[in-house]
Amino acid sequence: MICLGLEGTAHSLGVGIVDLDGRIAANLTDMHRPPVGGIHPREAANHHAQRIQPLLRSALKAAQIRLRDVDLVAFSQGPGLGPCLRTVATAARALSLSLDVPIIGVNHCIAHLEIGRRVTRCLDPVLLYLSGGNTQVISYANGRYRVFGETLDIGLGNLLDKFGREVGIPFPSGPEIEKVALKGMNLLPLPYTVKGMDVAFSGILTAALNRYNRGSSLEDLCFSLQEVTFAMVTEVAERAMAHLGKDEILLGGGVACNHRLREMTSRMAEEREGEMFAPPPALCVDNGAMIAWTGLLMHTSGLEMGIEDTRVEQNMRTDSSEIPWLSSR
Ligand code: AMP
Ligand code: MG
């Protein structure tokens, strides 16, 4: 059985082709990069509408299959930006109807967790999901994936991108901030905002920009931003592991590509006699393969959707999704 997965919750459009063994035959991503400013949802949606056909063709070519070989269409149903979600869901419905194959809507956050479990072979992790829009600590408990901590304002990736925009580092700024941070020597004081199991980043952004405007070095600021925010999310993830009695931490989302984050979280896990797992970068960022793989898990465990069930959910909750493939736990 071959599943075609379409991802389009935000600025990235993804097409993945995955089979029942979890073999990823294709996983292509086309990212909307606004020439100036941040992401405008309508512009990102227009990008997805324009790019989906060529990206789909390239994915079929890479997988060496034809469209009619597809047995299942999966798409990201939420959470995400409304115009982007609707554009990609429309494409998924059109494909499902014209190919006469089932369609399944996937929870994007759960897809990050499931592709991570699949490729890293961890079993029952605490997922630290750090992307542009999302910052969440997710794990399995009592029959559902649940959120144990999250950002109270902006996502960690968004903090890096907003800081980058103000200091002249183009979007997405995370990778360049990581490089500049290597030259930082001094840890500058920035607010460390952990509230129970939750974190907040907007005050850190303001403080970092104030320091930049008063002449602090960009190298020191990038270094300090990483040290402070990564320590915050590592602390919350560790507390979730302790409370849940779990010894695996899994990273997901674009920020999970960062080497310093990987180092910090793996040291934390080792000190707890646990282990850190991180998928390769192409499977950390938003991608179609994770949607296809989670769609296969849903379909083969008996979940079905009619076209009328495929309405997108901008605020889809992690614990609203059934996960019958884990029901034996
Ligand atoms: P996603 O929303 O999951 O596709 O991830 C995109 C986000 O990840 C953007 O905010 C990027 O700035 C951020 N990002 C990507 N690579 C890195 C990196 N090496 N270090 C920190 N952030 C990163
Ligand atoms: Mg994501």
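For ligands, and for the atoms within them, numbers begin at 1 and follow the listed sequence.
Interface of Ser173 with ligand 1, defined as ligand atoms under 4.0 Å from a residue heavy atom, comprises 12 (O). Atoms of ligand 1 lying under 4.0 Å from any heavy atom of Pro172, numbered from 1 in the order shown and given with element: 11 (C), 12 (O). Residue Leu160 approaches ligand 1 through these ligand atoms, each under 4.0 Å from one of its heavy atoms: 21 (C), 22 (N). Each of the atoms 10 (O) of ligand 1 lies under 4.0 Å from some heavy atom of Gly157. In summary, the atoms of ligand 1 found under 4.0 Å from a heavy atom of Gly253, numbered by their order in the structure, are 3 (O).
Ion pairing between a basic and an acidic side chain is recognised when a charged N comes within 4.0 Å of a carboxylate O; Glu263 and Arg260 show such pairing. One finds a salt bridge joining Arg317 and Asp319 here, because a Lys/Arg side-chain nitrogen approaches an Asp/Glu carboxylate oxygen to under 4.0 Å. Ion pairing of Glu235 with Arg239 is present here, as a side-chain N (NZ or NE/NH1/NH2) and a carboxylate O approach within less than 4.0 Å.
At least one heavy atom of Pro175 lies less than 4.0 angstrom from ligand 1.
One side chain, Glu114 or Tyr145, offers a donor N or O that lies under 3.5 Å from an acceptor on the other. Looking at Thr310 and Glu308, their side chains never bring a donor and an acceptor atom within 3.5 Å of each other. With 3.5 Å as the limit, one finds no donor-acceptor pair spanning the side chains of Asn107 and Gln77. Between the side chains of His48 and Asp30, no donor-acceptor pair of N or O atoms lies under 3.5 Å. Counting only N and O atoms by type, the side chains of His112 and Asp286 include a donor and acceptor under 3.5 Å apart.
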- Query: Stepwise, does the ring pair (Phe, Tyr, Trp, His ring centres under 6.0 Å) test hold for His11 with Phe171?
  - Reply: CA-CA 11 Å; His11 60 296; Phe171 175 87; 5.3 Å; yes
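Of all the listed residues (Cys257, Gly164, Gly254), Gly254 holds the heavy atom that lies closest to atom 15 (C) of ligand 1. If you check each of Asp161, Asn287, Ile169, Thr29 against atom 10 (O) of ligand 1, the one with the closest non-hydrogen atom is Asp161.
With respect to Thr229, the side-chain contact (heavy atoms from CB on, under 4.5 Å) criterion is satisfied by exactly one of Leu205, Leu190, Leu159: Leu159.
Side-chain contact between Met268 and Ile249: present, with at least one pair of heavy atoms (C-beta onward) separated by less than 4.5 Å.
At the shortest separation from atom 20 (N) of ligand 1 among protein heavy atoms lies Asn258 ND2, 3.0 Å. Considering only non-hydrogen protein atoms, atom 2 (O) of ligand 1 sits nearest to Gly132 N, 3.0 Å. Counting protein heavy atoms only, atom 19 (N) of ligand 1 is closest to Glu178 OE1, 2.8 Å. For atom 4 (O) of ligand 1, the closest heavy atom belonging to the protein is Asp286 N, 3.4 Å.
Within the protein, the N, O or S atoms sitting under 2.8 Å from the Mg ion (ligand 2) are His108 NE2, His112 NE2, Tyr129 OH, Asp286 OD1.
Distances between N or O atoms of Cys284 and those of ligand 1 include no value under 3.5 Å. For a threshold of 3.5 Å applied to N or O pairs, the pair formed by Gly174 and ligand 1 contains at least one separation below that value.
The backbone N or O of Arg262 lies less than 3.5 Å from a partner atom in the side chain of Thr265, making a donor-acceptor pair.
Here Ile39 contributes atom CD1 and Ser12 contributes atom OG; the two are 8.0 Å apart, rounded to the nearest 0.5 Å.
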